[in-house]
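Quick caveat, the model's predicted, so the values are computed rather than measured. Note that these values count all heavy atoms, side chains included, but never hydrogens, waters or copies made by symmetry. So you know, we letter chains A, B, ... as the sequences are listed, proteins then strands, and number each from 1.
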Amino acid sequence: MSLVSLRLVVATILAAIGAAAFVIGLDYDFGSATRMGPGYFPLVLSGLLTVLALAEAVSAVLKPDPDDSPTLDWRPLVAILGAVGGFAVAISLFGLVPAFFVVILFSTLSERGYGWLPATVLSLVTCFAAWLLFSRLLGITLPLFRWGL
Amino acid sequence: MLENMALGFATAFTATNLFYCFLGVFLGTFIGVLPGLGSLAAISMLLPLTFYLEPTTALIMLGGIYYGGEYGGSIASILLNLPGTPSHAVTCLDGNPLAKQGRAGVALFITAIASFVGGTVGIVALMGFGPAIARIGLSFGPGDYFALMLLGLVAAVTVGGGSVIKGLIMVVLGLLLGTVGTDVTSGEFRYTFDFLELRDGVSLVAMAMGLFGVAEVISSVRGSSERKITQRVTLRSMVPTRADMRRTLKPMARGSSIGGFLGALPGTGVVISAFLAYATEIRVAKDKSRFGKGAIEGIAAPESANNAAAQTAFIPTLTIGIPGSATMSIMLGALMIHGISPGPLLVSDHPTVFWGLIASFWIGNIFLLILNVPLIGMWVRVLQFPYKFIYPVVIALICIGVFSMRTSVFDVWLVVIFGALGYLLQRVGYSPAPLILGFVLGPMLEENLRRAMLMARGDPYRLVADPLTGTILAISGLLVLWAVLGGVRRWFGARRLAKYSVDEA
C-alpha cells in the first residue's frame, strides 16, 4: 500500500476547501450573535469543515482501512468529464447537434476496445435523434448549428 | 376528507395529468432500471422537462418519476445483483438468490405487489396525517424550524450507518455550498468569485447531476460488459405459489408500518426503513437460516417498507417544508422552481396541488403495477441492452438537461466539477446524499437561525429554553453523542465488529 492513500488525499482536498472558504469568509461582515452578518454562517461552517476534514485526514493516516486502499479508474474519469467539458465548449462554438456528437464520441473513449465504428454510429444516431427531437417535436429555440461565438 | 379526495381525483383525472403521470412512471422506471442510476438521478435528469408544465402537472410527473425510479431499481437489483441505490441493497440480499434459483419472476411479482401495498399504506398515512401535521406546523417559530432541520441533518448522518465523520463532512460541505450566492438579509454576494451565474447560488440540478449522474456512470463503466442476464422472465414464471403468498402477507404488513412511520421522520427515509424491515423479518422468523438464500419475506418486507416510506416522506416535505432525504430535497427545489413554497400553508392555499398530488400517487401506483407485471419483459430487455450504448446517451442527456435549464454553459462546467468531486468522494466511501440535503436546507437553516437568534437577543439559552425547540435540539444532541461514543468504541479495539457493521452500498 502506498504511503499516501486516496482517502488522505480526499480529506486534504476537503480541508483545503474549508480553509479557503474560511479565509474568503473573513472578508464578509461577521456581525454578532443577535444580528448575524453575512459572514457568520460561512465562517462557522468553513471552520467546522476544516476541523472535521483534518480529523478525517489524521484518522486516514493513523488508522488506514485494512482492505486495499481504493484507486481511481482514470480512463472513464477523464473520458466522461472530457465529454461533458467537450459538450460545454462545442455548444457555445458550434451549436447543439455538434455538441451531441462530441459528448457521445468522448464518452465512448472510457472503455478500451469500444471500436470506432460503433462509436461513430452511436454518435450519428444520437445526433439525428436530437435534431429530430429538438427541431421537429419540441421546437426549442437553441441553435442547432452555429459557427463561432 | 372525502371532498378533498374528490377534489384531488378531479385534478388528477384530467387527460393531461393522467398522461404525465404515466409518462413519469414510465420514464422513472426506465432510468431506475439502468445500472447505477436511481430515482434521484431520474428526477434531476427529467426535472428540466417539467418546466414547461403547470405546477400541479409537473409535480405529478415528478412524483411518478420518483416511485417509478424506486421500482426500476428493484428490477436491476433482483436480476443483476446490482443495487442502483442503497435502499435496494437489501432487495439484493434475497432477490438475487431467488433469481439464481430460477424464480426471478416470482421475486419481481412479489416486489410489484409489496411495492403497491406499501405505497397504498403510505398514501393513506399521508392523507390522514399530512393536514394534521400542517396544522401543528403553523405554530412553529423560527427556532423550532431551525431545530427540526438540524435534527434532520443529524439524523441523516448518524442513523444510516457508515462513517459518522464522513457524513458530517458531507453535511457541512453541503451547507457551505448553500451559502454561495446572494445573502438574503444583507444582499451581499458570497463566494460568487465575480461569476454572474453564481449570484443565484449553485444550480441544484447541475450539482445533483454531477454528484449522482456523472459520478455513477464513471464508476459503473468498468465491468459493465460482464453483466449478463441469462434468465427469461415470462408472465407465467411470475405466478407465485400459494406458500409464497401466505408467507408474504404479514411481512408486507410489518414492512409497510415500519416504512410508513420512519419515512415521515426527518432524515431517516427509505434506506433505513428497508434495512429495519429486513432485520425485523429475520428476528420474527422461525427459521432464520433461510434469509440470504432466497427467502421471499426478505423481499416483501423491505420493498413494502421503502415504498411506504417513499410516500410518507412527502409529509414533512409538503406540510412543513423540510425534506427528509436528498430526493425529497430535489422535489422541494422543484416545488420552489414552480413558484409554490411548501409549508403549513400549502394544504390550505393550494389544495388542488396537495390533494391532486396525493390522488395521482394512487393512480401512479396502479400504473406501476400495470407497467411492471404484464410489461416486465420489456424492462428485462432494457437491462439486456448493452450498457456501452446506454451510458454515452445518459451523459448526453445530462448535458442537454443541465444546459437547457438556464441556457447556461457555466452550469455544464459545474457538472464537470461536481462529477469529479462526486467520483472522488464515492471512491473513498463518502455518500453524496447528505451533501444535497445540507445544500437545500442550508439557506433555510441560516435564515431561521438568524431570526431565532434575533428574537432571543443573541442568547442561545433562550433558544434552548423554549420547550419544543429545546427538546428537538436535545434529541439531535443525543444522536450526535450516541454516534460519537460508537465511533470512539470502534476506534479502541473491536476491529472484528467493523466486519459485521452494515456498509453503505
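Only the side chain of B:E188 comes within contact range of chain A, with heavy atoms under 4.5 Å apart. Interface residue A:L122: only side-chain heavy atoms are found under 4.5 Å from chain B. Only the side chain of B:F193 comes within contact range of chain A, with heavy atoms under 4.5 Å apart. Only the side chain of B:I165 has a heavy atom closer than 4.5 Å to any heavy atom of chain A. Interface residue B:V393: backbone and side-chain heavy atoms are both found under 4.5 Å from chain A. Contacts between A:I17 and chain B at a heavy-atom distance below 4.5 Å involve the side chain alone, from C-beta outward. Looking at B:S186, the atoms closer than 4.5 Å to chain A (heavy atoms on both sides) all sit in the side chain, from C-beta outward. Proximity to chain A (any heavy atom under 4.5 Å) is shown, for B:F389, by both the backbone and the side chain.
Residues B:Y423 and A:L81 have side chains not in contact (no heavy-atom distance under 4.5 Å, counting atoms from C-beta outward). The side-chain heavy atoms of A:V84 and B:I398, taken from C-beta on, include no pair separated by under 4.5 Å. At a threshold of 4.5 Å between non-hydrogen side-chain atoms, the residues A:Y114 and B:P392 count as touching. Side-chain contact between A:R7 and B:K166 is present, with heavy atoms from C-beta onward closer than 4.5 Å. A:L96 is listed as a side-chain neighbour of B:I400, based on a closest heavy-atom distance under 4.5 Å. Counting heavy atoms from C-beta on, the side chains of A:L14 and B:L425 come closer than 4.5 Å. B:Y430 is listed as a side-chain neighbour of A:E56, based on a closest heavy-atom distance under 4.5 Å.
Under a 3.5 Å cut-off, the side chain of B:R190 and the backbone N or O of A:P42 do not form any donor-acceptor pair. With B:R450 contributing its side chain and A:G37 its backbone, the two residues share a donor-acceptor pair below 3.5 Å.
Of all the heavy atoms in B:Y191 and A:A21, the pair that sits closest is OH-O, 2.7 Å. Across every non-hydrogen atom of B:V409 and A:A88, the tightest pair is CG1-O, 3.5 Å. When all heavy atoms of B:I169 and A:A53 are compared, the pair lying nearest together is CD1-CA, 3.8 Å.
Atom CD of B:E446 sits about 8.5 Å away from atom CE of A:M36, to the nearest 0.5 Å. Interatomic distance, OG of A:S46 versus CG of B:L173, reported as 11.0 Å (0.5 Å rounding). Atom OG1 of A:T34 is separated from atom CE of B:M455 by 13.5 Å, given to the nearest 0.5 angstrom.
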- So A:F41 and B:D183, side chain to side chain contact (heavy atoms under 4.5 Å, CB included) or not? Walk me through it. CA-CA 11 Å; A:F41 220 58; B:D183 173 39; over 6 Å; no

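Inspection of the A:S110 and B:Y391 side chains reveals an N or O donor paired with an N or O acceptor under 3.5 Å. There is no side-chain donor-acceptor pair under 3.5 Å between B:Y387 and A:E111.
When each of A:L72, A:V51, A:V125, A:L48 is checked for heavy-atom pairs under 4.5 Å with chain B, A:L72 comes out on top. The most heavy-atom pairs under 4.5 Å with chain A, out of B:V416, B:T179, B:I417, come from B:V416. Heavy-atom pairs under 4.5 Å with chain B were tallied for A:F87, A:F100, A:F106; the largest tally goes to A:F87. Looking only at heavy-atom pairs under 4.5 Å with chain B, the residue among A:G85, A:G31, A:P38, A:S107 that has the most is A:P38. With respect to chain A, the highest number of heavy-atom pairs below 4.5 Å among B:I218, B:V412, B:V172, B:L424 belongs to B:I218. Residue with the most contacts toward chain B among A:T71, A:T126, A:T108, A:I13: A:T71 (heavy-atom pairs, distance under 4.5 Å).
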